[in-house]
Participant: 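First the structure, which I've put down as structure tokens, then a few questions once you've had a look.
The figures here come from the full heavy-atom set of this structure, side chains too, leaving out hydrogens, waters and symmetry mates. Keep in mind that this is a model prediction, so the values were computed, not measured.
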Amino acid sequence: MPLDSVSRGPLQVQQPTLEDVRQRIISDHTLSLRRRQELSSALRTVGKVLGRRLEEVPADPAYLQRRLRGITAAMAGLSKGRWRNASSYSRSALQHVGVTHVPGRYDVPLSSEWAALLDEALDKRTRIGLSRFARYCGVNGIMPDQVTDAVMDRFQEELAAGMINRPRSIRRTACKVWNSAATTVASWPKQRLSVPDNRKTYVLPWPAFPASLKVDLDAYLDRLAGKDILAELDFRPLKAGSVKTRTYQLREFISALVHRGRDPQTLHSLADLVPVETVKQGLRFYLDRPQGKAQKHAYDIACVLRAMARHWVRVDAAHLDQLKAICRRLDPGHRGMTERNRERLLPFEDPANVHALVTLPQRILAGIPKTGKPSRAQALEVETALAIEILLMLPLRIENLVKLNLEDHLRRTNKSRVVHVVIPKGKVKNTVDINAVLPEPTVGLIDLYTRRYRPLLAKEPSSWMFPGKDGKGKDQQTLRRRITRCIKERIGLAIHPHLFRHFAAFVYLKANPGGYGVVRLLHGHKSVETTTNYYCGMEATAAVQLYDENVLKVRGQPIPVAASRRLEKVR
């Protein structure tokens, strides 16, 4: 039966595509012409965003929800309103042809039972948090006293099938609000719902293991951190961030052992982690996983175990040689920047994207009123703009950026506009002093921020550039998320704070191919070899362009007399 001959009912196609859906929409004269145009245009927009022809895109709600998750209007190259409409109309198109429906977004009002129940909840949070779920239950004839975890399972499944963003988060919020209402609202049904843990982690909590294992680990980590200043160490003590990473890597490994069948109660000390067969068994957990980067992760953990076996457990030479052999076999051989970060830098081959990023702080400020009392939301926007401005002019690591202190790290003579950022090497990952002069526009932004906006963020007296709660500095993850989200929403690129260091090298090397010495000084690398390992090849495009320009320049010059005579002879 031809697709365009059917006007109602589900699609008669085994594996429909978005083009099948579009053809069905435009041939359905039960819809107004304007509605058909809106739905058809929305489907074409989705295809453009995915970079595929509609004939190649399956009309699978789960597939589309997964591919479109996290795409912002800026990433789609559209205004927020147009992208929101395209997403909504696409769901409506799928719903209209019977591919899916949109649970919770019904035109029908709440059922009388659910309306009465929500009226009992005085707080707005409960009514909003359960509105979608209440409508879903009302449409499906589920009474409030019939709500169970199984009902929530079906609700989440239908959210996912309906291309609703964050179905797991919506379900979790509904469960938490339901349980809260069951405690505070007298007439609320008393059954409790299980609140799902949406964290994707296999790492087990420390109470799952013998206490002696954690005691031994803490002693080892204290040694790595050099907490005993009188101890003679044959290595440089690790920074706090590196100790935290090492802790988590070892916790990952012992959790992997348990998932491979090891009884956690048999792991009494670090010595129980380093027998060769135990190491192999734990590493196989990573190598058997489908993720493509499992080998690199397994290699990193194997190196941690090898170092621990050598310096803490002190295994014999033969044992250590076997662990070294495991590390050699796992070594991916790649040094320097990851492929993922290289891919994230590719958009900056386009000068328009470079310009969009370097002008972002000024454009954020331009959108904030210059007069009137600023709001806290505006203060947070300026704070984010300042963080991006500093990363552009002085690509610090996030741990140094978030701990910038107005008194300790910014040096200014009287009211001079010359401001130095001074961070001692003991606070820097590679133990190299940071001493840099900020350009005047950056200083002006710092002065504006500290005078007009920072007081709204610092609830208690402190000298942190980016104040947090209780007089402390802002949390790293909080500032990182704000920076990343701001860039993603405003220019449509996935840029995390550490990528600014690579961006700085990329921009400089593109303008100055081979200029590794300057980048080494900028990043504080101990040797130019480190800089070269990270960034070699990034300026290849610029090098080819310079070469081509030289060839074209020669091509446009008059032919030398001697060469002209030789050409005449050839003719």
Participant: Within the side chain of Gln265, is there an N or O that forms a donor-acceptor pair under 3.5 Å with the backbone of Ala208?
Facilitator: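 Looks like yes, one N/O pair under 3.5 Å.
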Participant: Roughly how far, to the nearest 0.5 Å, is CG of Asn353 from CG of Leu345?
Facilitator: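 One finds 11.5 Å between CG of Leu345 and CG of Asn353.
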Participant: Could you state the interatomic distance from CG (Leu401) to CZ (Phe500), rounded to the nearest 0.5 Å?
Facilitator: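 Answer rounded to 0.5 Å: 9.5 Å.
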Participant: Please report the interatomic distance OG1(Thr72) to NZ(Lys488), rounded to the nearest 0.5 Å.
Facilitator: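 NZ of Lys488 is found 6.5 Å from OG1 of Thr72.
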Participant: Quick check: do Val195 and Arg172 have side-chain heavy atoms less than 4.5 Å from each other?
Facilitator: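 They are in contact (side-chain heavy atoms under 4.5 Å apart), so the answer is yes.
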Participant: Are Leu499 and Asn341 packed together at the side-chain level, in the sense that at least one heavy-atom pair is separated by less than 4.5 angstrom?
Facilitator: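 A side-chain contact under 4.5 Å exists here.
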Participant: So that I can tick it off, tell me whether Glu383 and Lys474 are bridged by a salt bridge, with the cut-off set at under 4.0 angstrom between side-chain N and carboxylate O.
Facilitator: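 Yes, charged N to carboxylate O under 4.0 Å.
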Participant: Does the side chain of Leu360 reach to within under 4.5 Å of the side chain of Leu392, using non-hydrogen atoms?
Facilitator: no
Participant: So, do Val382 and Gln378 sit near enough that their side-chain heavy atoms are less than 4.5 Å apart?
Facilitator: no
Participant: Should Asp153 and Arg171 count as an ion pair when the cut-off is N to O under 4.0 Å?
Facilitator: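 A salt bridge is present here (some side-chain N lies under 4.0 Å from a carboxylate O).
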Participant: Using only atom types and a distance under 3.5 Å, with no angle test, would you say the side chain of Asp216 pairs donor to acceptor with the backbone of Leu270?
Facilitator: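 At least one qualifying donor-acceptor pair exists.
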Participant: With a 3.5 Å distance limit and no angle check, can you tell me whether Arg246 reaches the backbone of Leu221 through a side-chain donor-acceptor pair?
Facilitator: no
Participant: Work out which heavy atom in Ala74 is nearest to a heavy atom in Gly492; give both atom names and the distance.
Facilitator: CB-N, 3.3 Å
Participant: Heavy-atom distance under 4.5 Å between the side chains of Tyr516 and Leu509, does that happen here?
Facilitator: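 Tyr516 vs Leu509: side chains touch.
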Participant: Rounded to the nearest 0.5 Å, what's the gap from NZ on Lys459 to CG on Leu457? Could you check?
Facilitator: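 If we round to the nearest 0.5 Å, Lys459:NZ and Leu457:CG are 9.5 Å apart.
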Participant: Counting heavy atoms not belonging to Arg262, are there more than 12 under 6.0 Å from its CZ?
Facilitator: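 Enclosed.
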Participant: At their closest point, which heavy atom of Leu493 faces which heavy atom of Ile487, and how far apart are they?
Facilitator: O-CG2, 3.6 Å
Participant: What are the two closest non-hydrogen atoms of Val354 and Phe348, and how far apart are they?
Facilitator: CG2-O, 3.4 Å
Participant: If every non-hydrogen atom of Cys486 is compared with every non-hydrogen atom of Thr384, which pair is closest and at what distance?
Facilitator: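 Taking Cys486 first and Thr384 second, the nearest heavy atoms are CB-CG2, 3.8 Å.
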Participant: Please check: side-chain N/O of Arg168 versus main-chain N/O of Pro196, any donor-acceptor pairing under 3.5 Å?
Facilitator: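 No; zero donor-acceptor contacts below 3.5 Å.
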Participant: Ignoring hydrogens and geometry, is there a side-chain-to-backbone donor-acceptor pair from Trp178 to Arg192 under 3.5 Å?
Facilitator: no
Participant: Can you confirm whether the side chains of Thr450 and Arg454 place a donor and an acceptor under 3.5 Å from each other?
Facilitator: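 Result is no, nothing qualifies.
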Participant: Spell out, as yes or no, whether a donor-acceptor pair under 3.5 Å connects the side chain of Ser255 to the backbone of Arg251.
Facilitator: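 Yes; at least one donor-acceptor contact below 3.5 Å.
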Participant: Between Leu404 and Ile390, is any pair of side-chain heavy atoms under 4.5 Å apart?
Facilitator: yes
Participant: Could you go through Val422 and Asp408, starting from their C-alpha distance and side-chain angles, then the distance that decides it, and tell me whether this counts as side-chain contact (heavy atoms from CB on, under 4.5 Å)?
Facilitator: CA-CA 8 Å; Val422 179; Asp408 298 337; over 6 Å; no
Participant: Just wondering, do Leu217 and Trp206 contact through their side chains at under 4.5 Å, heavy atoms?
Facilitator: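 With C-beta onward as the side chain, the pair touches.
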Participant: List the steps, then state whether side-chain contact (heavy atoms from CB on, under 4.5 Å) holds for Glu349 with Phe506.
Facilitator: CA-CA 9 Å; Glu349 291 287 358; Phe506 178 87; 3.9 Å; yes
Participant: Answer yes if the side chains of His525 and Asn430 hold a donor-acceptor pair under 3.5 Å, and no otherwise.
Facilitator: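 Per modelled atom types, His525 and Asn430 side chains form no pair under 3.5 Å.
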Participant: Name the orientation class of the two ring planes belonging to His496 and His498 (parallel below 30°, tilted from 30 to 60°, perpendicular beyond 60°).
Facilitator: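 Judged by the thresholds at 30° and 60°, the geometry between His496 and His498 is parallel.
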Participant: Check the side chains of Glu252 and Tyr202 for a donor-acceptor pair under 3.5 angstrom, ignoring hydrogens and angles.
Facilitator: yes
Participant: Grab the two heavy atoms, one from Leu287 and one from Gln295, that are nearest each other, plus how far apart they are.
Facilitator: CD2-CA, 4.0 Å
Participant: With a 6.0 Å cut-off (strictly less than), is the heavy-atom count around NZ of Lys239, excluding the residue itself, greater than 12?
Facilitator: yes
Participant: Could you go step by step and tell me if Val507 and Val358 meet the side-chain contact (heavy atoms from CB on, under 4.5 Å) rule?
Facilitator: CA-CA 11 Å; Val507 171; Val358 300; over 6 Å; no
Participant: Take Arg412 and Asp447, measure what salt bridge (Lys or Arg N to Asp or Glu O under 4.0 Å) needs, and give me the verdict at the end.
Facilitator: CA-CA 12 Å; Arg412 186 196 314 239; Asp447 291 343; 2.9 Å; yes
Participant: Do Val518 and Asn512 pass the side-chain contact (heavy atoms from CB on, under 4.5 Å) test, and can you show the C-alpha distance, the side-chain angles, and the key distance before you say yes or no?
Facilitator: CA-CA 10 Å; Val518 173; Asn512 304 275; over 6 Å; no
Participant: Tell me whether Tyr449 contacts the main-chain N or O of Ala385 through its side chain, where contact means a donor paired with an acceptor under 3.5 Å.
Facilitator: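 No, the answer is negative, given that no donor and acceptor are paired below the 3.5 Å cut-off.
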Participant: Can you tell me how far CG of Leu522 sits from CG of Leu394, rounded to the nearest 0.5 angstrom?
Facilitator: 7.5 Å
Participant: Just checking Ile229: does its CD1 atom have more than 12 heavy atoms from other residues, nucleotides or ligands closer to it than 6.0 angstrom?
Facilitator: no
Participant: Let me confirm one number: the CZ-OG1 distance from Phe253 to Thr278, rounded to the nearest 0.5 Å.
Facilitator: 7.0 Å
Participant: Can any side-chain N or O of Asp433 pair as donor or acceptor with the backbone N or O of Lys425 at less than 3.5 Å?
Facilitator: yes
Participant: Without swapping roles, check the side chain of Asp272 against the backbone of Ser269 for a donor-acceptor pair under 3.5 Å.
Facilitator: yes
Participant: Answer yes when Lys427 and Glu399 have at least one side-chain N-carboxylate O distance shorter than 4.0 Å, and no when they do not.
Facilitator: no
Participant: Do Phe466 and Thr478 come within less than 4.5 Å of each other through their side chains, counting heavy atoms only?
Facilitator: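 In short, these two side chains do not touch, never coming nearer than 4.5 Å.
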Participant: Just by modelled atom types, is the Asn400 backbone N or O under 3.5 Å from a matching donor or acceptor in the His409 side chain?
Facilitator: no
Participant: Will you find, in the side chains of Thr442 and Glu389, an N or O donor that is under 3.5 Å from an N or O acceptor?
Facilitator: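 Looking only at side-chain atoms, Glu389 and Thr442 do form a donor-acceptor pair, the distance falling under 3.5 Å.
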Participant: Restricting to non-hydrogen atoms, name the atom on Ala504 and the atom on His523 that form the minimum distance, rounded to 0.1 Å.
Facilitator: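 Taking Ala504 first and His523 second, the nearest heavy atoms are CB-CE1, 4.4 Å.
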Participant: Does NE2 in His268 sit with more than 12 non-hydrogen atoms of other residues, nucleotides or ligands closer than 6.0 Å?
Facilitator: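 Count over threshold, so yes.
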Participant: Of all residues at least two apart in sequence or in a different chain, which pass the ring-ring contact (aromatic ring centres under 6.0 Å, His included) check with Trp312?
Facilitator: Tyr220
